[in-house]
Amino acid sequence: MKQIVSSPVARVAGTVRVPGDKSISHRSVMLGSLASGETRVHGFLPGEDCLATLAAMRSMGIEVQRPAADSLILRGGGLRGLKRPAGDLDMGNSGTAMRLFAGLLAGQSFDTRLIGDESLSRRPMERVAAPLRQMGADITTRNGLPPVSVTGGRRLRGIAYRLPVASAQIKSAILLAGLFAEGDTEVIEPAVSRDHTERMLAAFAQPVRRSANSVSLTPTGGLQATLVNVPGDLSSAAFPVLAALIAGNADVSIDNVGLNPSRTGVLEIFRLMGANIDIEPLDTGSGMEPVGRLRIRASALQGIQVPPALVPLAIDEFPAVFIAAAMAAGETVVSGAEELRHKESDRIRVMADGLRALGIDVEETADGARIRGGTMTGGTIDSHGDHRVAMAFAVAAMRASGPIRILDTDNVATSFPGFVRLACDIGMDVAESNGSPR
Ligand code: S3P
């Protein structure tokens with residue numbers, strides 16, 4: 001099992017790019033596989049989560065060329081072009097892959113079973129299975145958890161579904177099933193979640209109607225292959241952004257970052273805390289997703305009440321927000337974030353435990369935490385196999401009074417291959433080793 005040891009440093013600087021967006025990379029493989037014609041993907045994230053999606057599509061007969069680690073040519077076989085896989089489809093650590101595939105596979109003519117690793121096997125799947133059943137799918141979970149078994153050959157019908165929580169994964173699963181359904185499919189959200197599926201469906205010639213809190217589609221009977229330029233992942237960029245904010249001295253620029261407004265909550269939260277971040281939109285001409293450049297300087301952060309409306313727009317960045325809060329003057333209150341308990345780990349518990357182990361005063365609440373900024377010591381943190389928890393503490397160590405050893409860090413490769421190298425490139429003191437088993 002890998003470990004990361006990160007040590008204090010005072011200055012970070014440089015211009016970097018982060019790997020491709022994980023959410024968009026998953027979707028590019030899924031829609032490219034269901035489309036007619038050849039889909040080219042540039043900037044694909046070669047992280048383990050997206051490679052699991054790619055392997056699943058290959059095992060269902062999709063031909064894929066990979067001219068470079070981050071570029072793909074997919075030869076889609078049309079909506080009905082997938083073939084029965086020889087065995088289970090292994091989603092690894094990826095909740096997104098499992099939930100979106102559940103929707104996509106509900107309308108196939110063959111049976112499938114979705115499995116995952118230890119962490120994924122503890123994550124709730126009924127939230128996606130229940131609406132798919134309403135559409136006519138035959139889908140079972142093991143007491144609400146993976147494996148997810150999908151029986152093929154069912155006729156699906158469109159539904160109007162009101163999501164109990166803002167979740168792009170559930171919304172996307174229903175929309176993907178809707179491609180195979182009779183009639184219209186509509187999803188109504190309690191708050192806006194990331195809209196990459198909606199944008200990409202439109203680019204693949206499947207129009208989507210949108211209003212403030214709902215999205216619907218009438219299946220056109222097929223998707224048309226297109227070119228997908230995947231921007232850098234803002235969720236990965238959040239770590240060098242955090243590093244620059246908390247360093248005593250910093251000037252870091254990050255090029256080609258996705259700036260989809262349904263993802264930029266973290267930048268708003270950091271700015272409310274007093275962050276010095278310049279955002280320069282870039283015109284890439286591709287149209288599917290907004291992209292830009294960030295420039296971050298060291299900032300004196302203040303504690304805030306994080307507006308609950310920003311939570312779904314920053315849902316993956318709370319490990320970084322918790323670290324910013326620990327370095328800020330005063331108290332930061334996070335609420336309305338119960339969903340954090342259902343991510344790759346229970347991120348409220350795991351972050352609170354980690355911060356406390358390093359001397360920070362944290363009170364855990366049912367749907368968030370109160371974090372009092374203070375002086376962080378060095379120490380040892382268990383990431384519980386959660387990639388973003390591991391990276392957040394690796395950055396925190398910059399400002400700790402001694403090195404932080406982070407255990408169980410193999411999963412950093414699920415979303416941010418090259419994290420340690422990039423961290424060193426901007427001046428952090430981070431090393432990864434093959435630690436001993438727990
Ligand atoms: C994702 C949606 C988010 C996020 C996850 C990726 C997606 O989950 O946490 O990492 O690609 O659709 P929600 O379903 O909570 O929005």
Side-chain angles (χ1 to χ4, degrees), residues 19-31 44-45 47-50 52-53 91-104 116 119-120 123-132 161 163-177 187 189-201 213 215 228 230-231 233-239 258 260-266 289 308-321 336-348 351 367 385-389 391-392 411-412 414-416:
D21 187 278
K22 182 152 72 77
S23 293
I24 300 172
S25 294
H26 279 300
R27 288 158 172 80
S28 71
V29 172
M30 292 182 181
L31 297 195
F44 175 74
L45 169 65
E48 285 165 9
D49 279 10
C50 299
T53 289
M91 304 288 109
N93 190 242
S94 179
T96 304
M98 186 169 284
R99 296 195 179 109
L100 270 59
F101 264 119
L104 190 161
S119 145
L120 182 52
R123 296 180 65 186
M125 293 297 147
E126 270 305 309
R127 45 174 57 197
V128 69
L132 295 172
Y161 190 74
L163 288 181
V165 288
S167 162
Q169 295 179 358
I170 311 176
K171 172 177 65 176
S172 301
I174 296 169
L175 292 175
L176 290 173
V187 183
E189 298 195 87
V192 177
S193 65
R194 66 190 66 193
D195 67 357
H196 305 301
T197 303
E198 294 89 309
R199 287 170 184 260
M200 202 181 284
L201 282 170
N213 68 341
V215 39
V228 182
V230 182
D233 197 329
L234 180 60
S235 297
S236 297
F239 298 106
N260 180 319
S262 62
R263 294 284 297 282
T264 48
V266 66
E289 292 281 345
L310 290 179
V311 168
L313 312 180
I315 193 68
D316 288 342
E317 284 68 69
F318 278 89
V321 169
E338 201 268 342
E339 275 299 296
L340 294 177
R341 298 199 181 275
H342 307 294
K343 297 297 175 187
E344 285 82 332
S345 68
D346 174 344
R347 287 185 174 157
I348 297 177
M351 287 303 301
D367 66 346
D386 186 324
H387 53 136
R388 300 199 203 281
V389 170
M391 291 186 275
N411 282 336
V412 168
T414 60
S415 70
F416 200 156

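Just follow the structure's listing: the first ligand is 1, and inside any ligand the first atom is 1.
Atoms of ligand 1 found under 4.0 Å from any heavy atom of Asp316 (numbered from 1 in listed order, with element): 4 (C), 5 (C), 9 (O), 10 (O). When each atom of ligand 1 is checked for a heavy atom of Ser23 under 4.0 Å away, the hits are 1 (C), 6 (C), 7 (C), 11 (O). With ligand atoms numbered from 1 in the order given, ligand 1 contributes 9 (O) to contacts under 4.0 Å with heavy atoms of Ile315. Near Thr96, meaning under 4.0 Å from one of its heavy atoms, ligand 1 places the atoms 1 (C), 5 (C), 6 (C), 7 (C), 11 (O). Near Ser167, meaning under 4.0 Å from any of its heavy atoms, are these atoms of ligand 1: 13 (P), 14 (O), 16 (O).
Within the 4.5 Å cutoff, the side chain of Thr197 has no heavy atoms near those of the Lys171 side chain. Side-chain contact between His342 and Arg123 is absent, with no heavy-atom pair separated by less than 4.5 Å.
Contacts between Arg99 and ligand 1 below 4.0 angstrom, taking non-hydrogen atoms only, are absent altogether.
Residues Leu45 and Cys50 share a closest heavy-atom pair of O-CB, 3.5 Å. Nearest heavy-atom pair, Arg388 versus Asp316, reported as atom, atom and distance to 0.1 Å: CD-O, 3.1 Å.
Remark: Glu339 engages Arg127 in a salt bridge, criterion side-chain N to carboxylate O under 4.0 Å.
Below 3.5 Å of separation, one finds an N or O of Gln169 facing an N or O of ligand 1. Any N or O atom pair closer than 3.5 Å counts here, and Arg194 shares no such pair with ligand 1. Taking only nitrogen or oxygen atoms, main chain and side chain alike, Ala168 reaches within less than 3.5 Å of ligand 1.
The heavy atom nearest to atom 8 (O) of ligand 1, considering only Arg127, Lys171, Lys343, is found in Lys343.
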### Message
One pair to check against salt bridge (charged side-chain N to carboxylate O under 4.0 Å, His left out): Lys343 and Asp386. What are the steps and the verdict?
### Response
CA-CA 9 Å; Lys343 297 297 175 187; Asp386 186 324; over 6 Å; no
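Residue contact check for ligand 1: Arg27 places a non-hydrogen atom closer than 4.0 Å to it. Residue contact check for ligand 1: His342 places no non-hydrogen atom closer than 4.0 Å to it.
Listed for the Ser94 side chain is no donor-acceptor partner under 3.5 Å among the backbone atoms of Met91.
The salt bridge (charged side-chain N to carboxylate O under 4.0 Å, His left out) test with Asp233 is passed by exactly one of Lys22, Arg194, Arg263: Arg263.
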